[in-house]
Amino acid sequence: MNLGDILFLAVGAVLIFLIGTHGYAGIIAASWVPTRRKDYGRIIKALEGIEGGVIADLGCGGGGVMRAIARAYPEVSMVGYEISIPAWIMVRLVNTLSGLSTRCSVHWKNFYQEDLSRFDAVYCFLTPMAMKKLKPKFERELKPTAIVISYAFFIPGWKGERITQDSSAPLFRYIRKDQP
């Protein structure tokens, strides 16, 4: 770790402590509510069939899901998008400390404005309103073979597999080619 990395980590830790994690009105798709760790295994299993490629985590929060996927699928690259500055700093910090920063990149950007056509799969834990807004974007931009995994909320009008387990939140798995 070089001096620049150390300074970035130190400044990031101080900022997280001082200002907490807050989104920005008008562009935020969901408050930061982390995916339950006990559900990481279901998410990883729902991505079976992924043979390398790039997976997006829209609104990656603290990056726990992207790191779990990266560990389970070493041939996959993860790209996270986060609009909250403190959460973005935190996920960069944790990715660096975990040694996964080369395979788990995170961008401080509004994912609604990003081109999703390069992704082989997309994971999201967003609000029903965000899922409704993303539906036409997914239909325009995603590859026909792309897998979409949505935690807790379905994509209106899409047909997919609902994966439930006991009292856990539902998980929805879609393949883009199966949609209108």
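For clarity, every value in this text was computed on a predicted model and none was experimentally measured. Keep in mind that the numbers below use all heavy atoms, side chains included, and drop hydrogens, waters and symmetry copies.
- The shortest side-chain heavy-atom distance between Tyr112 and Leu134 falls under the 4.5 Å cut-off.
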Between Ile69 and Ile50, is a side-chain contact (heavy atoms from CB on, under 4.5 Å) present by the stated rule, with each step listed?
-> CA-CA 11 Å; Ile69 293 170; Ile50 276 286; over 6 Å; no

All N/O donor-acceptor pairs, side-chain side in residues 145-161, below 3.5 Å, sequence neighbours left out:
{"unit_1": "Ser150", "atom_1": "OG", "unit_2": "Phe153", "atom_2": "O", "d": "2.4"}
{"unit_1": "Tyr151", "atom_1": "OH", "unit_2": "Asp39", "atom_2": "OD2", "d": "2.5"}
{"unit_1": "Trp158", "atom_1": "NE1", "unit_2": "Glu139", "atom_2": "OE2", "d": "2.8"}

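- Of the possible polar contacts, none joining the Glu48 side chain to the Ile44 backbone as a donor-acceptor pair under 3.5 Å is found.
- Atoms OH and CD, on Tyr81 and Gln113 in that order, are 11.5 Å from each other to the nearest 0.5 Å.
- A donor-acceptor pair is defined here as one N or O able to donate and one able to accept, closer than 3.5 Å; such a pair exists between the side chain of Lys137 and the backbone of Glu114.
- In this structure, Leu126 and Lys133 have side chains that are not in contact, with every pair of non-hydrogen atoms separated by 4.5 Å or more.
- Cluster annotation: Leu100 and Trp88 are assigned to distinct hydrophobic clusters (Ile/Leu/Val/Met/Phe/Trp/Tyr, side-chain heavy-atom contacts under 4.5 Å, transitive).
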Could you go step by step and tell me if Ile55 and Met66 meet the side-chain contact (heavy atoms from CB on, under 4.5 Å) rule?
-> CA-CA 9 Å; Ile55 300 175; Met66 66 187 302; over 6 Å; no

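- Heavy atoms only, all atoms of each residue included: Gly61 and Val91 are closest at O-CB, 3.7 Å.
- Between the Arg92 side chain and the Ser101 main chain, no donor and acceptor come within less than 3.5 Å of each other.
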Dump the intermediate steps for side-chain contact (heavy atoms from CB on, under 4.5 Å) on Cys124 and Met131, then the final yes or no.
-> CA-CA 9 Å; Cys124 47; Met131 298 311 294; 3.7 Å; yes

Chi angles and distances behind the side-chain contact (heavy atoms from CB on, under 4.5 Å) call for Tyr123, Leu47 = CA-CA 9 Å; Tyr123 170 76; Leu47 287 166; 6.0 Å; no

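- Using modelled atom types, no side-chain atom of Glu141 and backbone atom of Ser117 make a donor-acceptor pair closer than 3.5 Å.
- The stretch residues 55-65 participates, sequence neighbours left out, in no side chain to side chain donor-acceptor pair (under 3.5 Å) pair at all.
- Separating the CZ atom in Arg42 from the OG1 atom in Thr35 is a distance of 10.0 Å, to the nearest 0.5 Å.
- Residues Arg71 and Ser98 have side chains in contact (heavy-atom distance under 4.5 Å, counting atoms from C-beta outward).
- Note that the CG atom of Leu58 and the CZ atom of Phe138 stand 5.5 Å from one another [nearest 0.5 Å].
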